[in-house]
Asks: 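Let me begin by handing over the structure; questions about it come next.
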Amino acid sequence: MKKRIILHIDMDYFFAQIEERENPQFKGKPIVVGADPRGGKGRGVVSTANYEARSFGIKSATPISRAFRLCPQAVFLPVNMDFYEKVSLSVFKIVSKKAKKVEKVSLDEAYLDLSDKCRSYKEAEKVGEEIKKEIYKKERLTCTVGIGENKMMAKIACELAKPDGLKVIKPSQTKKIIEEMPLETIPGIGPKTKEAIQKYLKKKNAKIKDARKIKKEKLIDLFGKRGDDFYHKLRGVDNSLVEGERKAKSVGKEHTFQKDTRDPEKIIKVFRRLVGDVYRQAKEEKIKGLVVVCRFEDFETHTKQASFEPGNYKEDFLYKKGVSLLLRFLTRSNKKIRLIGFRVSLPE
DNA sequence: AAGTTCTTATTAC
DNA sequence: CTAACGGTAATAAGAACTT
């Protein structure tokens, strides 16, 4: 197993930075991109906030109502996804030239495997600088680059260097550099897993070095397959590969109602639209199943699915099948409905 | 009892 | 009466259903 050099690139506060560029009059002010804090009685969350807004405690996924309370004077802008997608394409055009394999994580994030191209971390750092320069020249946007011996370490390096930074973590530094970091630094360890680990350790604010004391068998016992993964990641080991283009395994769409409802008219009207949108997005792909999602007023969420032989089913077929599943939720509960969703699964 | 399929939980961006 | 949480997708585990 030969050593690798992996680069992670992340655009800085991407959506908000684009808005700053497009609306220079807002520069220096707190900017929040996301749902309208007034419309729909404030359902929805923050998509991206610039650093000024973050200083008020606003971050991605903050409920928009709360963001408004924290900083009413902020500039609240709607998500202009079509435009961000265009900018993203332009960024990826630059990035894709820098490595054979580029794994796109999202509109604003990617991993590059530089193992073939670069024989040293110094060389990789040069590539990182080039990328930063070229993106800034073309798009007037800053990004941060992290470089490490695997995907996880590249991402951690990136996190440490934000914003507008570049950082290399050499293999010799890997183990030490993460030992004082909190558990959620490890990709895959979120709030629930962190809580479970801390409970086992009987320790609050546990750090990576604390969790290293847990035996591999115990982690597997607690978290199954992921436990083995965690054991290695806690020690800076991540053998996952930089993947090229990946095909979607499913496409779907959800809708949250402005007000919770049980009105079948309203519900079915929205559902009709969701099915149409999903159907068009799934285009020529064969379809092998569908899932209907229903979230009630109390946030309890249920799904119903149906599967069939992969084939080119008509929109009407999917719609009818979907509605019949959807209506069961109305029958089975008296609660109001907050959200409905429709998703189709595609063959490998 | 094994092999699918369905449902929920968790994570990430 | 005091404003709690989008949308999209992947993955894993366990339950439920088939054969």
Asks: Taking the six-membered ring of A/F92, is NZ or CZ of A/K104 closer than 6.0 Å to its centre and within 45° of its axis?
Replies: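 Here A/K104 passes the 6.0 Å and 45° test against A/F92.
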
Asks: Kindly say if A/R69 contacts the phosphate of C/dA4, meaning a side-chain N or O under 4.0 Å from OP1 or OP2.
Replies: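 Answer yes for this pair, as a side-chain N or O of A/R69 is under 4.0 Å from OP1 or OP2.
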
Asks: Quick one: A/L325 CG to B/dT5 P, roughly how many Å, whole number?
Replies: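 It is 16 Å, rounded to the nearest whole Å.
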
Asks: If you check every side-chain atom of A/T303, which of B/dT11, B/dC13, B/dT8 has the closest atom?
Replies: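 Looking only at side-chain atoms, A/T303 lies closest to B/dT8.
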
Asks: Can A/I268 be reached from A/L339 by stepping across I, L, V, M, F, W or Y side chains whose heavy atoms are under 4.5 Å apart?
Replies: no

Asks: Taking the nucleotide of DNA chain C with the nearest heavy atom to each, does A/S250 or A/G44 sit closer to the 5' end?
Replies: A/G44

Asks: Select from A/H255 and A/G224 the residue whose nearest nucleotide in DNA chain C is closer to the 5' end of that strand.
Replies: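 The residue mapped nearer the 5' terminus is A/H255.
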
Asks: With a 4.0 Å limit, can you tell me whether A/K249 has a side-chain N or O closer than that to the phosphate oxygens OP1/OP2 of C/dT11?
Replies: yes

Asks: Report which part of the nucleic acid A/L339 touches: base, sugar-phosphate, or nothing (heavy-atom distance under 4.0 Å, all strands).
Replies: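 If one applies the 4.0 Å heavy-atom cut-off, A/L339 turns out to touch the sugar-phosphate alone, with no base involved.
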
Asks: Regarding A/R272 and the six-membered ring of A/Y319, is the cationic atom NZ or CZ under 6.0 Å from the ring centre and inside 45° of its axis?
Replies: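 Here A/R272 passes the 6.0 Å and 45° test against A/Y319.
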
Asks: Would you give the length of the straight line joining atom CG of A/L77 to atom CZ of A/F15, rounded to the nearest 0.5 angstrom?
Replies: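 Output value for this atom pair is 13.0 Å.
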
Asks: Does a nitrogen or oxygen in the side chain of A/K155 sit under 4.0 Å from OP1 or OP2 of B/dC13?
Replies: yes

Asks: Do the non-hydrogen side-chain atoms of A/V292 and A/V323 ever get within less than 4.5 Å of each other?
Replies: no

Asks: Within a strict 4.5 Å, meaning less than it, do heavy atoms of the A/Y200 and A/K218 side chains meet?
Replies: yes

Asks: Ignoring backbone atoms, test whether A/T301 places a side-chain nitrogen or oxygen under 4.0 Å from the OP1 or OP2 oxygen of B/dT8.
Replies: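 The answer is no; no side-chain N or O of A/T301 sits under 4.0 Å from OP1 or OP2.
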
Asks: From NE2 of A/H302 over to P of C/dA15, roughly how many Å is that when rounded to an integer?
Replies: 17 Å

Asks: Less than 6.0 angstrom from the centroid, inside 45 degrees of the normal: does A/K151 satisfy that with respect to the ring of A/Y111?
Replies: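 So A/K151 does make the cation-pi contact.
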
Asks: Only one of A/R212, A/K213, A/R235, A/K207 clears salt bridge (Lys or Arg N to Asp or Glu O under 4.0 Å) with A/E179; which?
Replies: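 That would be A/R212; it is the only one of A/R212, A/K213, A/R235, A/K207 passing the salt bridge (Lys or Arg N to Asp or Glu O under 4.0 Å) with A/E179.
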
Asks: Which residues, if any, of residues 273-295 of chain A bring a heavy atom under 4.0 Å of DNA chain C?
Replies: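 Result for residues 273-295 of chain A: A/Q281, sorted by number.
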
Asks: Are A/S307 and B/dT5 close enough that a side-chain N or O sits under 4.0 Å from OP1 or OP2?
Replies: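 So the side-chain polar atoms of A/S307 never come under 4.0 Å of the phosphate oxygens OP1 or OP2 of B/dT5.
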
Asks: Hey, does the side chain of A/T256 come within less than 4.0 Å of C/dG7's phosphate (OP1/OP2), counting only N and O?
Replies: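 So the side-chain polar atoms of A/T256 do come within 4.0 Å of the phosphate oxygens OP1 or OP2 of C/dG7, strictly under.
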
Asks: Tell me which nucleotide among C/dG6, B/dC13, B/dT11 gets nearest to the side chain of A/R43.
Replies: C/dG6

Asks: It should be established whether A/R343 places a side-chain nitrogen or oxygen under 4.0 Å from OP1 or OP2 of nucleotide C/dA9.
Replies: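 Answer yes for this pair, as a side-chain N or O of A/R343 is under 4.0 Å from OP1 or OP2.
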
Asks: Taking the C1' atom in each of B/dA12 and C/dA3, what is the distance between them to the nearest angstrom?
Replies: 27 Å

Asks: Counting side-chain heavy atoms from C-beta on, which of B/dT7, C/dT8, C/dC5 comes nearest to A/Q305?
Replies: B/dT7

Asks: So which nucleotide from C/dA13, C/dT8, C/dC5 ends up closest to the side chain of A/K225?
Replies: C/dA13

Asks: Side-chain N or O of A/S106 versus OP1/OP2 of B/dA12: is the shortest distance under 4.0 Å?
Replies: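 False: A/S106 side-chain N/O out of range (4.0 Å or more) of B/dA12 OP1/OP2.
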
Asks: Between A/K253 and C/dG7, is there a contact of a side-chain N or O with OP1 or OP2 at under 4.0 Å?
Replies: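 So the side chain of A/K253 is outside the cut-off, no N or O lying under 4.0 Å from OP1 or OP2 of C/dG7.
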
Asks: Looking at B/dC13, C/dC5, B/dT10, which one has an atom nearest to any side-chain atom of A/T193?
Replies: B/dT10

Asks: Please work out if A/F68 contacts a base, only the sugar-phosphate, or nothing of the nucleic acid, heavy-atom cut-off 4.0 Å.
Replies: nothing

